[in-house]
Enquirer: 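The structure under discussion is supplied below as structure tokens; questions concerning it will follow.
Just so we're on the same page: letters track the sequence lines, and every chain starts at 1.
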Protein chains: 2
Amino acid sequence: MASFTQTKRLLRYRMGLIRLKKMGLEKVFSYTLGKEVGVSAELVRKDFSAFGIKGHRRGGYEVDDLLSSLEKIFGKDRIQNVIVVGMGNMGRALSMYKGFREHNMNVVAGFDIDPAKLNKKFHIPVYSMESLGEVIEAFNVSVAVLAVPEVAAQETANQLVSHGISGILNLAPVLLKTPDHVLVNNVNLMVELERLMYHSGVIQ
Amino acid sequence: MASFTQTKRLLRYRMGLIRLKKMGLEKVFSYTLGKEVGVSAELVRKDFSAFGIKGHRRGGYEVDDLLSSLEKIFGKDRIQNVIVVGMGNMGRALSMYKGFREHNMNVVAGFDIDPAKLNKKFHIPVYSMESLGEVIEAFNVSVAVLAVPEVAAQETANQLVSHGISGILNLAPVLLKTPDHVLVNNVNLMVELERLMYHSGVIQ
DNA sequence: TTTTTATTGTGAAATATATAACTATTTTTG
DNA sequence: CAAAAATAGTTATATATTTCACAATAAAAA
Ligand SMILES: NC(=O)c1ccc[n+]([C@@H]2O[C@H](COP(=O)([O-])OP(=O)(O)OC[C@H]3O[C@@H](n4cnc5c(N)ncnc54)[C@H](O)[C@@H]3O)[C@@H](O)[C@H]2O)c1
Ligand SMILES: NC(=O)c1ccc[n+]([C@@H]2O[C@H](COP(=O)([O-])OP(=O)(O)OC[C@H]3O[C@@H](n4cnc5c(N)ncnc54)[C@H](O)[C@@H]3O)[C@@H](O)[C@H]2O)c1
């Protein structure tokens, strides 16, 4: 299977292609797309080649063909259901984000331990943690976004795993211990900001 | 200078060490810390070695020494001021996040183009874009978080650059064109979720 | 005190990732 | 129609990153 980094690029090509298509482009060259997403032309071609995506020599790639190939690779013909656990500042922001829906990811429900956060009339329904199993089954959910405080992250992850979740997008700044069949993708915004400061020369 | 990936690890060591210290640890071994943050023991040692951080043969590393070394490297003895541009769902969540302050990053102000979002009584003051230069200068800000819609991202980034910002944490799913002296760190949460789905075997 | 053990520090090897250089093919031009 | 130009596809090379292997050394045990 593709590497994690390569997958990231392919998904960015897809986003870039959607933009280019909106601007009226019907075909792209490797360097056009590369420039759009910040990747060298050679790497664009290599990535496509690795996935068996063909262009036309001297003619570039058909935008629609590329998009449908990528759509197939990433299962974008179907809608993927997702849940958000922890409906605080971050969880609410994510649950209201329109971008997910536009890319066929559907946040079907939120969960929280705090009774004050439970709300059936919110943008999406927010349930107590007891309903986790039920909702996961009903909506055939296998991926969850974890947005609970650091101290609760591991315990909550355990609950998710025990209810059959196999992918966690973890926003808490802590490493989760999970079984091998569960994949965790950590996004640590503090670290992202801190290293930006360091490398942009703000420090010292 | 260190690579971007290495810096990320060092910052995660720091967070892990803070946790371990809270749990009462006074010294750590490379494999203890490695386990805490998900890095091999060898790499932990190499990273420290690369920054001239010394441990004790057979005695591990002193937690306090490590933390103060890392604090020095990342300028954590001073408070770094940050602004958030785009006070929508994501911008507001970030501006209210306590974690930044706990790690000596201070979100001093928010900015928005929408008059309805302007508010001096919010958790942080929210200004119109006209005040950008003034606030950046007053608080000596060099790093900004960009949380405006995709279509406005490039234009807004240009404004930031023209006011002297040299680091941008970009949350919009688009590549920004900036001069060489400006560093952009892109965090694309959609791509992070999509590739989690792909690699966790949800797709197909 | 000597031996054993545990752990750091680091050079060598392996692996992964990206770039460069080249070939093949198609289109365009003269 | 032949030559030139442009671009995909691919192989070779370079660079970056991680792991392996082990010497050095300090602490603990005998
Ligand atoms: N807000 C941000 O901008 C931001 C930035 C970077 C990282 N993060 C991380 O994202 C996570 C969420 O941050 P936040 O600012 O939204 O926090 P928050 O405190 O606003 O919200 C956390 C929510 O989780 C709920 N919760 C607590 N324990 C729970 C449990 N055991 N089970 C289910 N729900 C539980 C709380 O009731 C609350 O609603 C944290 O780990 C934080 O470190 C947030
Ligand atoms: N909300 C999320 O969970 C989420 C997730 C992933 C990515 N993002 C990205 O983060 C960015 C912000 O998302 P959001 O959900 O907060 O959007 P939002 O629409 O809720 O907020 C955007 C804010 O930016 C302001 N704005 C618009 N144009 C501006 C301009 N030219 N200058 C200054 N301010 C301007 C708007 O008034 C609004 O307040 C988007 O690029 C989005 O794609 C958001």
Enquirer: What is the distance, rounded to the nearest whole Å, between atom CZ of Arg45(B) and atom P of dT10(C)?
Expert: 11 Å

Enquirer: Can you check the Lys54(A) NZ to dT10(D) C1' distance for me, whole Å?
Expert: 10 Å

Enquirer: With a cut-off of less than 4.0 Å, is there a side-chain N or O of Ser49(B) near OP1 or OP2 of dG9(C)?
Expert: no

Enquirer: Heavy-atom nearest nucleotide on DNA chain C for Gln6(A) versus Phe29(B): which residue maps closer to 5'?
Expert: Phe29(B)

Enquirer: Pick the closest DNA chain C nucleotide for Ala41(B) and for Lys46(B) by heavy atoms, then say which residue is nearer the 5' end.
Expert: Ala41(B)

Enquirer: If you look at every strand shown and take non-hydrogen atoms under 4.0 Å, does Phe48(A) touch a base, only sugar-phosphate, or nothing?
Expert: nothing

Enquirer: Roughly, in whole Å, what's the span from CD in Glu42(B) to P in dA13(C)?
Expert: 17 Å

Enquirer: Rounding to an integer number of Å, can you tell me how far Leu43(B) CG sits from dA16(D) C1'?
Expert: 12 Å

Enquirer: Within the pair Ser3(B) and dA16(D), is there a side-chain N or O less than 4.0 Å away from OP1 or OP2?
Expert: no

Enquirer: Please report the shortest heavy-atom distance between Phe111(A) and Ser128(A), naming the atom on each side.
Expert: CD2-O, 3.5 Å

Enquirer: Taking atom types as modelled and ignoring hydrogens, do the side chains of Gln154(B) and Asn158(B) form a donor-acceptor contact shorter than 3.5 angstrom?
Expert: yes

Enquirer: What's the NZ-C1' distance between Lys8(A) and dT17(C), to the nearest Å?
Expert: 14 Å

Enquirer: Whether Ser40(A) contacts dA18(C) is assessed here as follows: a side-chain N or O lying under 4.0 Å from the phosphate OP1 or OP2. Is that the case?
Expert: no

Enquirer: Taking all atoms of both residues into account, what is the closest heavy-atom pair of Ala2(A) and His199(B), and its distance?
Expert: O-NE2, 3.3 Å

Enquirer: Is the phosphate of dA18(C), meaning OP1 or OP2, less than 4.0 Å from a side-chain N or O of Arg9(A)?
Expert: yes

Enquirer: Rounded to the nearest Å, what distance is computed from the NE2 atom of residue His56(B) to the P atom of nucleotide dG9(C)?
Expert: 9 Å

Enquirer: Examine dT7(C): is either OP1 or OP2 under 4.0 Å from a nitrogen or oxygen in the side chain of Tyr31(B)? Give yes or no.
Expert: yes

Enquirer: Mark yes or no for a side-chain to base donor-acceptor pair under 3.5 Å between Arg58(A) and dT27(C), with no hydrogen or angle criteria applied.
Expert: yes

Enquirer: If I compare all heavy atoms of Gly16(B) with all of Glu36(B), which pair ends up nearest, and what's the gap?
Expert: CA-CG, 3.9 Å

Enquirer: Arg57(A) has a side chain; which of dT26(C), dT10(C), dA21(C) sits nearest to it?
Expert: dT26(C)

Enquirer: Looking only at the aromatic ring of each residue, does the gap between the centers of Tyr13(A) and Phe48(A) stay below 6.0 angstrom?
Expert: yes

Enquirer: Rounded to whole Å, how long is the line connecting atom CZ of Phe4(A) with atom P of dT17(C)?
Expert: 12 Å

Enquirer: Separation of Leu33(B) atom CG from dT7(C) atom C1', in whole Å?
Expert: 14 Å

